[in-house]
Number of protein chains: 2
Amino acid sequence: MTDFAPHRLLAASEVPAWDVETDVAIVGFGIAGACAAIEAAEAGAKVTLFEATSGSGGASALSGGEMYIGGGGGTDAQRAAGFADTTEALEGYLMMAGGPDADPAKVRLYAAESLDHYQWLKDQGVPYKGSFLPGKIIEPAEDDTLIWSGSEAAWPFAETATPAPRGHTIQWMGWGGGRKLIDILETRVRALGVNVHTDARTLCLVGDKGRVVGVVVRIDGKPLYVRASKGVILATGGFCMNAEMVRRYAPGALRASEPIGENDNGSGILMGMAAGGDAIHMDEFFTTCPWIMPESLVKGIFVNERGQRFINEDCYHGRVSRTMLDQPGERVFLLVDNEIFGRPIDLARIEIAAVGDSWAEVERELGLPEATLAATVETFNRYAAEGHDPIYRKAPEWLKVLDRGPFAALELNFKTSFFSFFTLGGLNTLPTGEVLDRAGAPVAGLYAAGRATCGLPRWGYGYSSGMSLADGSFFGRMAGRRAATAVGESIVR
Amino acid sequence: MTDFAPHRLLAASEVPAWDVETDVAIVGFGIAGACAAIEAAEAGAKVTLFEATSGSGGASALSGGEMYIGGGGGTDAQRAAGFADTTEALEGYLMMAGGPDADPAKVRLYAAESLDHYQWLKDQGVPYKGSFLPGKIIEPAEDDTLIWSGSEAAWPFAETATPAPRGHTIQWMGWGGGRKLIDILETRVRALGVNVHTDARTLCLVGDKGRVVGVVVRIDGKPLYVRASKGVILATGGFCMNAEMVRRYAPGALRASEPIGENDNGSGILMGMAAGGDAIHMDEFFTTCPWIMPESLVKGIFVNERGQRFINEDCYHGRVSRTMLDQPGERVFLLVDNEIFGRPIDLARIEIAAVGDSWAEVERELGLPEATLAATVETFNRYAAEGHDPIYRKAPEWLKVLDRGPFAALELNFKTSFFSFFTLGGLNTLPTGEVLDRAGAPVAGLYAAGRATCGLPRWGYGYSSGMSLADGSFFGRMAGRRAATAVGESIVR
């Protein structure tokens, strides 16, 4: 009996017979797989898609259906809201957001083609209302389109790239439009004649003389040998739901409590590595605790257990949350006065840790040393009264003197509050979706997209809402197109 | 012409003929390779060692020749100094020092056998004077043995593991005893009849049916095909000198300026991955700027560009330095008063950034916002006067009220000061040195030790002097012993 495992590349010589022959095999039916399938099928390839669960969706269907889009003078929604977004600004922001090893080739291509991609989504039938919601929002509460979904207007990003809101949400009443987004794309996939297999878990890749030539898929308990003459596209998602991989590759994420995924077990990353692909920035992860609801809380300031501030609180909530996890101790406190206090949403599991009529009283109630938290607030307040924050550079519109008692410290506890996370590391790919080996050369016949790859989002401090769907959909398309037009190679035994 | 590259496993079928046949092939002649060779040869194996440079040494020869040793009631040096070190305390410290994914199997074995390993080193001819130097020391200035080489006595380590000094330095006048250590081991290697090739760069591993069966080595410009019937041991060091790998796998280290290595280009890690080995914690690195000389400076306090403290300064200098690199901005300041001021060693490239008759004046001179640095010192001083530091828990013996002006801020600048670094991530191995694949199964015929692996030291915040030499020497021995006694397999073509 052949021993199948994602980390083992099966040799073509071990394949008893090919059960299925296709041009392009796609593994995973989230947004990356769906978009890859559409492009590959439209390019004329015979496409077969395998999904391990019983239906389409993956982590994409759990999302808000929001995409990071802009540049080129602005989308309809951006222009209507008065933002003539530039490609240069989009590129500049994405480069900063990508961190110390941002991928300039992917960033440049995406920035240049972002508007076209938006049009493509519309062409698939994805509706956008076109309306703009100002302020700090996690997802539109109704069916609006455009929101500020990153740190564009915050220091230091705003100094480098002209700010614009770029989160574009599918028209859908309430949170969770990701499901509708996937449904629309699935309709397209099926209309194009893609052969979709669900409950079909891909066990491993098949390789032959340095080229990936197929996959083995388990269907109805039996291995199905699938030859893919033009290539295999891995669109399997990240590894946040594989506890062992998280401990091994992204132990920093162990501080976050809630993996956001559907079947994000890292199998595609392991399969890609087994074929010689390189996996990079595996330690990076997105995390957030939804602390910005109600929005007035953004006017509070965060301190750690030493009573120290650690970031400008007007950054994207995920950037703030990621920085929280770097703080010493097990919790951080959001300090608010009576004017801005509001009960955080239940989902966040943020509790009131202390209240007092003075900041010194709050400090004492939290058990912090004297003149730590209170001194931090005093200094902050003095500058806020002057309308600036020379220490962490919070923008004036979010500055407020915290002097209207009673005062409260809201506790965000790494163990008990809701810190969602997913992984950002994965296979290193070209903008075309070709998986690269450790020397930077493509692994013939192998493509990947979405969170199985290390894409536009690859730095936890730079993540912005909509980046992962944008990356998965756009580079999924690129992979589908490239694989479909690849010159297939015959399998030499 | 065959295309050799470390990231490509050569198939045995591509080997025209074996030029050399050996039992165990060892790649790299630093301390891990030397110790592996001694054990393998003593176990009766025919051992061939390939070193890419012109002689033995590697990064080990650049070191102080200090090893992290203890437990079991204490070494002779520890007992003479009054420290009855326990195995439990050594194990507890190493587990904390290993960070969130410490390797309990390696830690347990090393803690249990540390004293025997010390004896083994002596048996090879390594001399130890047996004397103890108290205080904060980077390396003994003369030929003494025992120093505090980690954060044992500092919070939070001291709360979990009973402190003891464990840095054991070879008897050698002055810094740099690592060269002598290697020379002694090389003498043993050669006396045991190990076939040593220098100027012999290993190009790739050779694999056959899932087993590593040999290496290809370039000697005199020609490829030499070496069959290793019992196994190959990679002892090639880390990747701090491979700028591309650092950017890709450990971008955090880009903030440190000075790679400490000899030929640490990551080739062994790439070769191991090509054979199916897993590389883990690749983002972790050791860094230090030698800021604790003169020792009186440890009584100062560090603040970042926001004027905030960030650690108890009595931790190991490397832990403090690693935490520096996490701070916002490009520099941190060591605040000292006239009583403890001393000119830092030239090597460190630490400059005086500001002086003043009050901390407020220093704050102003640095251009920091009012009541940031000065408030930090004021709060620190008030508690220091009471003999404690409730904020960052610096131990009382290093606490000093910083009130004897004039005052100074010494600047440690990430771009211009001397921040040495080397990488801590590498191949995942069993305590026996067997390289593990991504599913946790050994790659047949492949072993590794030293910084080509992820060993005892695997977390930049936990590194302590002597950990890497201890890890490389001890687990090098384990790998040599295991490979020598492996059941070799014949090569089936």
Side-chain angles (χ1 to χ4, degrees), chain A residues 5-9 11 99-101 156 209-210 244-245 247-252 254-255 266 269-270 273-274 276 278-284 304-311 323 326 328 368-372 375-376 378-379 382-383 388-392 425 428 437-441 459, chain B residues 5-9 11 99-101 156 209-210 244-245 247-252 254-255 266 269-270 273-274 276 278-284 304-311 323 326 328 368-372 375-376 378-379 382-383 388-392 425 428 437-441 459:
Chain A
H7 64 280
R8 295 258 182 245
L9 183 71
D101 189 40
K209 302 194 189 312
E244 198 179 331
M245 283 184 77
R247 175 166 294 279
R248 180 106 322 151
Y249 300 115
L254 295 170
R255 292 196 114 188
I269 297 173
L270 296 177
M273 287 200 284
D278 197 11
I280 63 175
H281 302 306
M282 292 287 279
D283 56 306
E284 290 290 342
N304 62 26
E305 288 189 342
R306 271 65 172 177
Q308 301 169 319
R309 275 181 83 207
F310 50 83
I311 197 164
T323 307
D326 290 335
L368 300 192
E370 190 185 331
T372 53
T376 296
E378 189 183 329
T379 299
R382 197 176 56 250
Y383 286 111
H388 65 137
D389 171 21
I391 302 169
Y392 275 102
N428 190 21
D437 69 17
R438 293 177 193 102
W459 189 50
Chain B
H7 64 282
R8 296 258 182 243
L9 184 70
D101 189 39
K209 301 191 189 314
E244 198 179 331
M245 283 185 76
R247 175 167 293 278
R248 179 106 322 150
Y249 300 115
L254 294 171
R255 292 196 115 188
I269 297 173
L270 296 177
M273 288 200 284
D278 197 11
I280 63 175
H281 303 307
M282 292 287 279
D283 55 305
E284 291 290 342
N304 61 26
E305 289 189 343
R306 271 66 172 176
Q308 300 169 319
R309 276 181 82 207
F310 49 84
I311 197 164
T323 306
D326 290 334
L368 300 192
E370 190 186 331
T372 52
T376 296
E378 188 183 328
T379 299
R382 197 176 57 252
Y383 285 111
H388 65 137
D389 171 21
I391 303 169
Y392 275 103
N428 190 22
D437 69 17
R438 293 176 195 103
W459 189 50

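Note that the coordinates shown come from a computational prediction; the quantities given were computed from them, not determined experimentally. The sequence lines fix the lettering, A, B, ..., with proteins before strands; numbering per chain opens at 1. When reading the values below, keep in mind they use all heavy atoms of this one structure, side chains included, and skip hydrogens, waters and symmetry mates.
- Look at B:D278 and A:R248 and you find no salt bridge, because none of the NZ, NE, NH1 or NH2 atoms lies under 4.0 Å from a carboxylate O.
- Looking at A:A11, there are no atoms closer than 4.5 Å to chain B (heavy atoms on both sides), in backbone or side chain.
- Listed by chain and number, the residues in a side chain to side chain donor-acceptor pair (under 3.5 Å) with A:D389 are A:R309 (sequence neighbours excluded).
- Looking at A:N428, only its side chain comes within 4.5 Å of chain B, counting heavy atoms on both sides.
- Using a 4.5 Å cut-off between heavy atoms, A:E305 does not touch chain B at all.
- If you tally non-hydrogen atom pairs under 4.5 Å between each of A:G99, A:P328, A:A439, A:G440 and chain B, the highest count goes to A:A439.
- Of the listed residues (A:A441, A:P369, A:P251), the one with the most heavy-atom contacts under 4.5 Å to chain B is A:P369.
- Both the backbone and the side chain of B:A371 come within contact range of chain A, with heavy atoms under 4.5 Å apart.
- Here A:D283 pairs with nothing under the salt bridge (Lys or Arg N to Asp or Glu O under 4.0 Å) rule; sequence neighbours left out.
- Looking at B:E244, neither its backbone nor its side chain comes within 4.5 Å of chain A, counting heavy atoms on both sides.
- Heavy atoms closer than 4.5 Å to chain B are found nowhere in A:R255, neither backbone nor side chain.
- For A:M273, the parts lying under 4.5 angstrom from a heavy atom of chain B are both the backbone and the side chain.
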